[in-house]
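Report on the following structure.
In listed order, ligands and their atoms are each counted from 1.
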Amino acid sequence: MPVNKEAYLQLIPELRPNNITLVAVSKTKPVEDIKELYDFGQRDFGENYVQELADKQAQLPGDIRWHFIGHLQSNKVKFIAPFVQLIHSVDSLKLLKEINKQALKNNRVIDCLLQVHIAQEETKFGFSEKELEDLFNTNLNELHELKNMRIVGLMGMASLTDDMDKVRNEFKFLRILFERFSKLPIANGKLQILSMGMTSDYKIAIEEGSNMVRIGSLILGEREKKN
Ligand SMILES: *Cc1c(COP(=O)(O)O)cnc(C)c1O
């Protein structure tokens, strides 16, 4: 499937005036497709698999901002720590500590989003509301010690459903958490990024306050593997 230039060129004026960052999700797509969007000016790309991301990063221009959006295992952080721009999918304190450790080794500060479980599906990763509260209430001092990472926002994925009211309610819920926790000075940062919305639901996500959308199939074509 080729890059859908028309869709891309239509999307930009929908997003840019509202300061919404587009992360082009390029998982499973070849470097040639990424280069094509790059030549249109796209710089933020998102990947789900560590090995695939590391391989692509090595072959593509150095000014691409790489976002890691998939489930991240602690033992793999070291492979992306030298270059990753933003990790969207942090779901434990243990992972934050490992990111901090690897960032320190690379003499960097790595920005992170906490993934919040907003969908009904059991399989989705992320903090629950209660777990987020616990993280900030009981571990705030510990978080402040992690000087090489910054928590800069929240990420969520809505249920995979045609019920758009349900999707909207899940995004509303995340927005409320975001507003609430944005008031706290958290872990060397402040919540500023609300990453929500993909091909099927990005318009709703934007209406509900998203300022970063992660869009793959709309602009890069359907993927073969389900993911
Ligand atoms: C694959 C993926 C996307 C993009 O999905 P599309 O439906 O192709 O836009 C966004 N976010 C995450 C976390 C993903 O895994």
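- Atom CG of D162 sits in a sparse spot, with 12 or fewer heavy atoms from other residues, nucleotides or ligands closer than 6.0 Å.
- At a 4.0 Å heavy-atom cut-off, ligand 1 does not touch H88 at all.
- Stacking of R65 on the aromatic ring of F45 is not recorded, the 6.0 Å distance cut-off and the 45° axial limit not both being met.
- Comparing I215, I219, T199, I69 by heavy-atom distance to atom 13 (C) of ligand 1, the nearest is I69.
- For residues 103-116, the pairs satisfying side chain to side chain donor-acceptor pair (under 3.5 Å) are D111-R150, with sequence neighbours left out.
- By the criterion of a heavy-atom distance under 4.0 Å, neither the backbone nor the side chain of L218 is placed next to ligand 1.
- Residue K27 holds the heavy atom nearest to atom 2 (C) of ligand 1 of all those in M198, R214, Q115, K27.
- Below 3.5 Å of separation, one finds an N or O of N48 facing an N or O of ligand 1.
- Atom numbering of ligand 1 starts at 1 in the shown order; those under 4.0 Å from a heavy atom of R223 are 1 (C), 5 (O), 6 (P), 8 (O).
- Which parts of ligand 1 touch G216 is read off a 4.0 Å heavy-atom cut-off, strictly below it: atoms 4 (C), 6 (P), 8 (O), 9 (O).
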Item to check | Intermediate values then yes/no, side-chain contact (heavy atoms from CB on, under 4.5 Å), E133 and L135 | outcome: CA-CA 5 Å; E133 282 166 358; L135 179 74; over 6 Å; no

Identify all side-chain donor-acceptor contacts of residues 73-85 below 3.5 Å with residues at least two apart in sequence or on another chain.
from: Q73; atom 1: OE1; to: K76; atom 2: NZ; distance (Å): 3.4
from: K78; atom 1: NZ; to: N75; atom 2: O; distance (Å): 3.0

